[in-house]
**Student:** 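Got a structure for you, questions after.
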There are 2 protein chains.
Amino acid sequence: MNKRITSQDVANLAGVSRTTVSFVLNNEERFAIRPETAEKVRAAAKQLGYYPNASARALASNQTKNIGLIISRAPQYIATDPFLPQILGGLLDILKENSLGLLLEWVEPGQQLESYLELTRAHHIDGMILMTPRLDDPGLKTLEETDIPVVVMGYIPGSTLHSVDVDNLSAAETAVCHLIELGHTKIACITNAALPYTSASQRLDGYKIALQKAGITYNPQLVREADFDAQSGYTQMRSLLESNLDFSAVFVASDNVALGAYSALSEAGLSIPDDISVVGFDDIPLASFIQPALTTISMPGHEIAVQSYQLLMQLMRRDFPLERAVSLPTDLIVRQSTRSLIG
Amino acid sequence: MNKRITSQDVANLAGVSRTTVSFVLNNEERFAIRPETAEKVRAAAKQLGYYPNASARALASNQTKNIGLIISRAPQYIATDPFLPQILGGLLDILKENSLGLLLEWVEPGQQLESYLELTRAHHIDGMILMTPRLDDPGLKTLEETDIPVVVMGYIPGSTLHSVDVDNLSAAETAVCHLIELGHTKIACITNAALPYTSASQRLDGYKIALQKAGITYNPQLVREADFDAQSGYTQMRSLLESNLDFSAVFVASDNVALGAYSALSEAGLSIPDDISVVGFDDIPLASFIQPALTTISMPGHEIAVQSYQLLMQLMRRDFPLERAVSLPTDLIVRQSTRSLIG
DNA sequence: TAATATTACTAACGCGCGTTAATCGTCACG
DNA sequence: CGTGACGATTAACGCGCGTTAGTAATATTA
């Protein structure tokens with residue numbers, strides 16, 4: 001039986017007190033430890049294979065050294081999200097550098113109410129990052145009233161919570177504007193998700209504004225709501241095609257959804273971009289590899305992760321963060337899925 | 001300042017002792033608590049918004065109620081993995097049902113040695129699931145010698161660790177066999193990853209065996225090693241094309257990599273499946289939506305997650321698991337990327 | 001040389017909870 | 001009325017660690 005090795009064991013072996021062990025291993029500069037003593041302690045720790053117990057440390061120090069990534073989306077929608085790994089990769093990278101752990105959770109839309117509190121108090125996290133927030137999430141107000149460090153990936157209008165996001169609205173506007181510049185006037189839209197998701201409604205707003213600025217009348221019949229995955233993109237694109245409405249381009253507010261749309265268009269015998277131009281959103285890794293390569297808006301996934309982390313750290317340190325809402329730039333990546341109607 | 005609410009507060013409000021509170025909230029059947037007392041306690045807890053502190057509970061009970069998912073791969077390769085979300089979705093789902101948390105970690109290939117031990121002892125996990133293990137991982141032997149509950153997603157020959165995996169070898173064999181049945185004899189192969197990754201070498205072996213059984217001589221020059229992402233698939237497919245070797249089909253041991261291959265083939269003016277047939281592996285969600293829809297091997301991602309969880313739970317309960325290595329079935333999904341040369 | 005500062009370390013408490021052993025009724029039985 | 005059994009509850013310890021207040025030993029100053 002592998003008996004647990006405690007700091008007391010290290011102390012005994014090194015011939016010092018447990019306090020000294022603690023000071024040495026935590027590099028407590030405030031207390032002067034003679035270098036040779038410190039070395040003795042370190043040697044003993046290594047010899048015994050000592051790893052401080054995280055639970056005990058968390059209890060004593062009131063810091064878990066873990067942060068939580070909370071996804072307010074059901075698992076089946078998590079499973080098909082090709083963007084999630086980018087966030088995870090970025091987050092895992094920077095967290096490891098700083099010796100922090102990442103606790104992943106999902107909360108079902110409907111019982112976020114208590115979830116958030118339980119997550120911080122009950123689970124072992126010092127702060128949390130909220131992915132894909134919903135406008136209709138009642139738990140967000142609760143969170144505002146606590147002093148739990150929270151960063152929202154996505155912008156919530158009117159919320160006092162700190163956030164990191166791209167400017168979805170103007171990015172969408174840019175995307176649609178690109179189509180308009182190419183001469184398209186009849187432009188459909190498939191959202192990335194249901195409208196309570198802030199990113200979905202903001203991208204739809206960008207679509208509307210681009211139309212408006214170009215003097216094109218907004219036609220709600222040309223709009224469909226998808227649901228994160230390619231399957232919903234396929235379904236909604238078919239719905240658009242079956243409506244027999246005339247359009248020469250479609251703005252799909254998610255690459256993943258756009259791939260489903262691709263499939264529906266291909267099945268209908270329509271060519272991209274000859275018959276229909278498509279602009280996506282996210283620039284998922286596969287966007288440049290599909291045929292035709294997808295014109296899209298690039299999301300700085302890694303940067304979003306890094307900025308979220310940094311903002312969260314400031315909050316956890318009780319610094320006054322400089323910005324309440326960090327907004328990151330996006331780029332229009334023009335590839336082969338859009339075509340000019342002019343000339 | 002939100003003072004922390006402890007079980008003592010609940011006890012005071014309910015007019016009972018802290019012990020009673022603990023018994024009630026943990027549904028301790030062994031001690032008979034009068035129903036009205038239990039109700040008083042529960043009411044007090046609700047009124048105060050009490051959430052037991054996980055660190056303290058972990059320390060006292062020696063159980064963290066968290067499990068770790070360990071990915072032995074660098075973050076940049078995590079970021080482009082479209083299969084990871086399937087595992088995560090499945091795992092998150094079942095873990096939530098059982099009130100467990102999921103701690104995500106990556107270890108860099110090269111310093112797994114101590115990582116694993118530190119992860120369990122230092123971090124807050126009761127057991128761990130290892131993703132994408134490498135044959136050359138020295139830390140695995142260390143793990144075998146401990147009594148830490150570990151489940152490996154992927155099969156490690158000769159290891160005593162418990163594992164859940166598909167039969168990569170025969171699945172790959174099936175895939176290549178499909179090509180052979182269609183009349184292909186000159187079949188190239190692009191692996192999903194470098195060969196130290198067990199899944200990569202096993203799939204390559206399946207490829208070899210299928211050839212052998214069909215009496216086709218194995219030609220190493222027709223084999224390339226990719227590196228998880230589509231970019232590497234593109235690169236390796238170009239390398240194959242530039243070799244000027246003759247082949248009519250290619251087995252790409254990862255859909256993600258296959259998409260890169262698609263791109264290279266398209267760029268070279270070759271048609272799938274008219275000029276080249278392609279079979280992938282994984283059946284990522286997008287496989288059925290790309291053009292042409294990819295013939296591939298379906299991985300039961302959700303089932304892998306569920307089985308891993310169940311096996312891990314048995315180990316954590318110190319049950320004797322019935323099977324040491326769970327092997328899950330795969331299916332060949334024939335779509336449009338393969339074509340018969342016969343007739 | 002006595003008083004004070006400095007260095008190097010330690011004793012001891014508390015974090016919030018699970019859990020065992022003990023306590024305090026209460027009731028049945030002889 | 002005393003004894004034992006049982007049901008309901010609690011006092012008290014320990015989990016492993018961080019940390020404050022303190023001690024002992026040495027160095028510095030008046």
Side-chain angles (χ1 to χ4, degrees), chain A residues 2-42 44-45 48-66 118 120-126, chain B residues 2-42 44-45 48-66 118 120-126:
Chain A
N2 273 332
K3 224 203 66 197
R4 207 181 202 116
I5 293 147
T6 73
S7 63
Q8 185 64 62
D9 298 328
V10 178
N12 292 343
L13 180 60
V16 297
S17 79
R18 218 176 45 68
T19 309
T20 303
V21 172
S22 177
F23 287 161
V24 170
L25 298 184
N26 293 331
N27 295 313
E28 271 295 356
E29 307 281 355
R30 294 178 298 162
F31 300 83
I33 304 288
R34 209 185 308 158
E36 57 206 81
T37 308
E39 204 40 60
K40 238 182 352 186
V41 171
R42 267 186 273 270
L48 292 174
Y50 168 69
Y51 298 100
N53 179 293
S55 299
R57 183 185 282 217
L59 184 59
S61 69
N62 201 23
Q63 288 190 71
T64 64
K65 297 289 183 187
N66 281 153
E118 185 182 344
T120 37
R121 292 228 220 290
H123 277 74
H124 337 224
I125 60 179
D126 296 332
Chain B
N2 274 333
K3 223 202 68 200
R4 206 181 204 117
I5 293 150
T6 74
S7 63
Q8 185 64 64
D9 298 329
V10 177
N12 292 343
L13 180 60
V16 298
S17 80
R18 217 174 47 66
T19 308
T20 304
V21 172
S22 176
F23 286 162
V24 171
L25 298 184
N26 293 331
N27 296 313
E28 270 296 356
E29 309 279 355
R30 295 178 297 160
F31 299 83
I33 303 288
R34 208 184 310 157
E36 56 206 80
T37 309
E39 204 39 58
K40 237 180 359 183
V41 170
R42 266 186 274 270
L48 291 173
Y50 168 69
Y51 298 100
N53 180 292
S55 300
R57 182 184 281 215
L59 182 58
S61 70
N62 202 21
Q63 288 191 69
T64 64
K65 297 292 183 184
N66 281 153
E118 186 181 344
T120 37
R121 290 228 220 292
H123 278 73
H124 337 227
I125 62 180
D126 297 331

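Each chain gets a letter, A, B and so on, in the order its sequence line appears, and its residues count up from 1. Bear in mind that the values here come from a model prediction, so they are computed numbers and not experimental data.
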**Student:** Whether the side chain of B:D9 engages the backbone of B:T6 through a donor-acceptor N/O pair (distance < 3.5 Å, no angle test) should be reported.
**Tutor:**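 Checking the backbone N and O of B:T6 against the side chain of B:D9, a donor-acceptor pair under 3.5 Å is found.
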**Student:** Kindly calculate the angle separating the two end axes of the helix from C:dT1-D:dA30 to C:dG30-D:dC1, each obtained from five base pairs, and round it to 10 degrees.
**Tutor:**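 So the angle between the two local helix axes works out to 60°.
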**Student:** Please name all residues satisfying side-chain hydrogen bond (donor to acceptor under 3.5 Å, both in side chains) with A:S55, sequence neighbours left out, ordered by chain then number.
**Tutor:**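 In terms of side-chain hydrogen bond (donor to acceptor under 3.5 Å, both in side chains), with neighbours along the sequence ignored, A:S55 is linked to no residue.
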**Student:** Please check if the side chain of B:T37 supplies one atom and the backbone of B:I33 the other of a donor-acceptor pair under 3.5 Å.
**Tutor:**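 No, B:T37 side chain to B:I33 backbone: no donor-acceptor pair under 3.5 Å.
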**Student:** B:T37 near the nucleic acid: base, sugar-phosphate alone, or nothing, with a heavy-atom cut-off under 4.0 Å?
**Tutor:**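 Counting heavy atoms under 4.0 Å across all strands, the contact made by B:T37 is with sugar-phosphate only.
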**Student:** Could you give the OH-to-C1' distance, from B:Y51 to C:dC17, as a whole number of Å?
**Tutor:**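 Between C1' of C:dC17 and OH of B:Y51: 18 Å.
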**Student:** Without decimals, in angstroms, what is the distance between B:N12 CG and D:dT10 P?
**Tutor:**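 For the pair B:N12 CG and D:dT10 P, the rounded distance is 11 Å.
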**Student:** Check every strand shown and say whether A:L59 touches a base, only sugar-phosphate, or nothing at a heavy-atom separation below 4.0 Å.
**Tutor:**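 Base, at least one base atom sits under 4.0 Å.
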**Student:** Return no unless some side-chain N or O of B:R57 is found under 4.0 Å from OP1 or OP2 of C:dG18.
**Tutor:**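 Result: yes.
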**Student:** Look for any protein N or O under 3.5 Å of an N or O in nucleotides 11-14 of chain D and output each such pair with its distance, or none.
**Tutor:**
unit_1: D:dA11; atom_1: N6; unit_2: B:T19; atom_2: OG1; d: 2.9
unit_1: D:dA12; atom_1: N6; unit_2: B:T19; atom_2: OG1; d: 3.4

**Student:** Name all residues meeting the side-chain hydrogen bond (donor to acceptor under 3.5 Å, both in side chains) criterion together with A:E28; count only those two or more places apart in sequence or in a different chain, and write none if there are none.
**Tutor:**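 Result, side-chain hydrogen bond (donor to acceptor under 3.5 Å, both in side chains) vs A:E28: A:R30.
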**Student:** Using OP1 and OP2 only, check whether a side-chain N or O of B:Y50 sits under 4.0 Å from C:dC17.
**Tutor:**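 Yes, B:Y50 has a side-chain N/O under 4.0 Å of OP1/OP2 on C:dC17.
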**Student:** Sequence neighbours excluded, which residues qualify as side-chain hydrogen bond (donor to acceptor under 3.5 Å, both in side chains) partners of A:N53?
**Tutor:**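 Not a single residue meets the side-chain hydrogen bond (donor to acceptor under 3.5 Å, both in side chains) criterion with A:N53.
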**Student:** Within less than 4.0 Å of OP1 or OP2 of D:dG18, is there a side-chain N or O belonging to A:S22?
**Tutor:**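 Yes, A:S22 has a side-chain N/O under 4.0 Å of OP1/OP2 on D:dG18.
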**Student:** Using OP1 and OP2 only, check whether a side-chain N or O of A:N26 sits under 4.0 Å from D:dG18.
**Tutor:**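 Answer is yes, contact under 4.0 Å.
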**Student:** Whole angstroms only, please: what is the CG-P distance between B:N62 and C:dT19?
**Tutor:**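 Between P of C:dT19 and CG of B:N62: 11 Å.
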**Student:** When you measure from the side-chain N and O atoms of A:T20 to the phosphate of C:dC9, is any distance below 4.0 Å, counting only OP1 and OP2?
**Tutor:**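 Answer is no, no contact under 4.0 Å.
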**Student:** By the 4.0 Å heavy-atom rule, please label B:T6 as base, sugar-phosphate, or nothing.
**Tutor:**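 Sugar-phosphate only.
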**Student:** Could you work out, with side-chain hydrogen bond (donor to acceptor under 3.5 Å, both in side chains) as the rule, every residue matching A:E39, not counting sequence neighbours?
**Tutor:**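 Once residues adjacent in sequence are excluded, A:E39 has no partner under the side-chain hydrogen bond (donor to acceptor under 3.5 Å, both in side chains) criterion.
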